[in-house]
Amino acid sequence: MLKRPRRIRKSSAIRSLVQETTLSPQDLVAPFFLIKGNACKEEIASLPGVYRYSLDLLCKEAERLHAQGIQAVALFPVIPKEDKDPLGKHSLDEKGLIPHAVRVLKKELPTLTVITDIALDPYTSHGHDGLLGNSGDVLNDETVDVLAKMAILHAEAGADFVAPSDMMDGRVAAIRKMLDLHKKQEVGILSYTAKYASSLYAPFREAVGSTLQHGDKKSYQLNPANVREALLEASLDEEEGADILMVKPALFYLDILAKLRERTTLPLCAYHVSGEYAMVMAADERGFLDADKVFLEALTSIKRAGADFIISYAIDRVLPLMIQGR
Ligand code: PBG
């Protein structure tokens with residue numbers, strides 16, 4: 001035989017020389033669920049090993065991860081029921097959980113990049129990402145106005161990137177305009193460009209307490225059956241001034257990531273979402289597979305498909321494997 005492809009798989013040394021994709025701590029962004037209070041650490045039933053933290057403990061966790069090479073965190077607030085209302089008014093509170101957390105985090109860990117979520121679902125009593133019209137539909141332009149104000153609040157607190165996860169039309173342009181108007185030109189937009197209406201967000205909704213009171217998010221999040229919609233969203237986000245585009249969830253949508261990688265020169269982020277984490281952890285608990293190895297394979301595959309970096313709950317599971325090498 002003239003061609004024997006196994007020659008380049010013979011030893012770990014040659015395998016590492018020809019390895020095309022590598023995964024490092026700086027490719028990963030840590031998501032955090034933030035609760036009120038002090039010294040609070042709450043388990044999340046559907047996300048074993050992931051916790052809701054009060055700010056003091058969140059800072060410690062972020063510091064620990066940053067020391068291991070993690071460069072950014074993405075913050076999600078858990079708003080107490082009594083602070084929620086149909087308009088999500090708490091989202092515009094300067095003294096709210098997130099603006100305060102950003103101020104403290106940026107002061108304590110100035111080299112850590114802080115990404116905040118721009119959407120109303122943690123704040124609304126109904127759990128939708130926007131304001132509702134009389135017929136229960138999610139209003140686009142009215143919601144965008146609130147999101148742009150929210151972005152200013154986070155930018156003024158010191159956020160490095162704001163990440164609109166709501167999927168309203170025109171929100172990137174509106175946020176960019178408001179940021180510039182407020183002299184926040186240096187604050188970037190990480191846009192949830194292709195966010196699909198996925199069943200994989202259920203553990204996240206449990207974690208932030210944003211489970212929908214009724215209905216679904218299909219009138220704003222993308223149809224999992226579609227590719228072209230994602231391409232359109234990507235060109236709009238690019239025109240509207242997004243700095244980084246995101247695909248979410250990750251593993252079921254690797255084709256979308258790969259297609260966007262060919263079409264845009266912007267950096268790409270993938271969100272390895274709560275359900276992707278929960279499925280593997282549940283199988284691991286039953287002894288069906290080794291979660292840590294599956295996560296390393298999953299995250300490597302997401303990078304291979306085209307992601308520059310990945311938001312993932314599995315960071316603590318894969319960091320030890322990345323350090324000891326394969
Ligand atoms: C909502 C938001 C969701 C996630 C991030 N931001 C859930 C949703 O759209 O209902 C999901 C992330 C995950 O599942 O890990 N703006």
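FYI, the numbering just counts along the sequence from 1. Every heavy atom of this structure was used, including side-chain atoms; hydrogens, water molecules and symmetry mates were not. Whatever order the structure lists ligands and atoms in, that order sets their numbers, starting from 1. Keep in mind the model is a prediction, meaning the values are calculated, not measured.
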**Message:** Measuring from non-hydrogen atoms of D166 to any atom of ligand 1, is the shortest distance under 4.0 Å?
**Reply:**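 So D166 does not count as touching ligand 1.
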**Asked** Is there a heavy atom of K195 sitting under 4.0 angstrom from any atom of ligand 1?
**Response**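 For ligand 1, residue contact (heavy atoms, under 4.0 Å) with K195 is present.
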**Prompt:** Are V280 and L321 grouped together when hydrophobic residues (ILVMFWY) are joined by side-chain heavy atoms under 4.5 angstrom apart?
**Reply:**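 Yes: a chain of side-chain contacts under 4.5 Å links V280 to L321.
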Going by the order shown, which atoms of ligand 1 are within less than 4.0 Å of some heavy atom of [X]?
X: A119; answer: 16 (N)
X: D129; answer: 1 (C), 16 (N)
X: Y271; answer: 12 (C), 15 (O)
X: Y313; answer: 13 (C), 15 (O)

**Request:** Apply salt bridge (Lys or Arg N to Asp or Glu O under 4.0 Å) to D93 and K89, showing your working.
**Result:** CA-CA 7 Å; D93 180 357; K89 282 194 205 115; over 6 Å; no
**Prompt:** To the nearest 0.1 Å, how far is atom 8 (C) of ligand 1 from its closest protein heavy atom, and which atom is that?
**Reply:**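 Here the nearest protein heavy atom works out to K217 NZ, 3.3 Å.
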**Request:** Measure the distance from atom 1 (C) of ligand 1 to every protein heavy atom, then report the residue, atom name and distance (to 0.1 Å) of the closest one.
**Result:**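 Result: D121 OD2, 2.9 Å.
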**Message:** Using a 4.0 Å heavy-atom cut-off, which part of S165 comes near ligand 1: side chain, backbone, both, or neither?
**Reply:**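 The answer is both, backbone and side chain.
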**Item:** Part of V273 with heavy atoms under 4.0 Å of ligand 1, whether side chain, backbone, both or neither
**Value:**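 Answer for V273: both.
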**Item:** Residues clustered with L2, ILVMFWY side-chain links under 4.5 angstrom
**Value:**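 Traced through the cluster, L2 reaches no other member.
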Could you check which of [options] puts a non-hydrogen atom nearest to [atom]?
atom: atom 13 (C) of ligand 1; options: Y277, F204, Y196; value: F204
atom: atom 5 (C) of ligand 1; options: H128, K248, Q221; value: K248
atom: atom 14 (O) of ligand 1; options: S274, A197, P203; value: S274

**Prompt:** So which of Y201, Y253, F252, Y220 actually passes ring pair (Phe, Tyr, Trp, His ring centres under 6.0 Å) with Y196?
**Reply:**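 Testing Y196 for a ring pair (Phe, Tyr, Trp, His ring centres under 6.0 Å) against Y201, Y253, F252, Y220 leaves exactly one candidate, Y253.
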**Request:** Mind checking salt bridge (charged side-chain N to carboxylate O under 4.0 Å, His left out) for D117 and listing every partner two or more places apart, or none if nothing turns up?
**Result:**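 Residues passing salt bridge (charged side-chain N to carboxylate O under 4.0 Å, His left out) with D117: none at all.
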**side chain to side chain donor-acceptor pair (under 3.5 Å) assessment of S46 paired with E206** = CA-CA 8 Å; S46 54; E206 185 214 324; 2.4 Å; yes
**Request:** Output yes when the distance from some N or O of ligand 1 to some N or O of R205 is under 3.5 Å, and no in every other case.
**Result:**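 The answer is yes, given that R205 and ligand 1 share an N or O pair closer than 3.5 Å.
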**Message:** Ring of Y192, cation from K248 - is the NZ or CZ under 6.0 Å from the centre and inside 45° of the axis?
**Reply:**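 No, K248 does not lie over the aromatic ring of Y192.
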**Request:** Answer whether the closest heavy-atom distance between the side chains of M281 and F295 falls below 4.5 Å.
**Result:**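 Contact flag for M281/F295 side chains = yes.
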**Asked** Looking at R171 and D129, does any basic side-chain N land under 4.0 Å from a carboxylate oxygen?
**Response**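 A salt bridge is absent here (no side-chain N lies under 4.0 Å from a carboxylate O).
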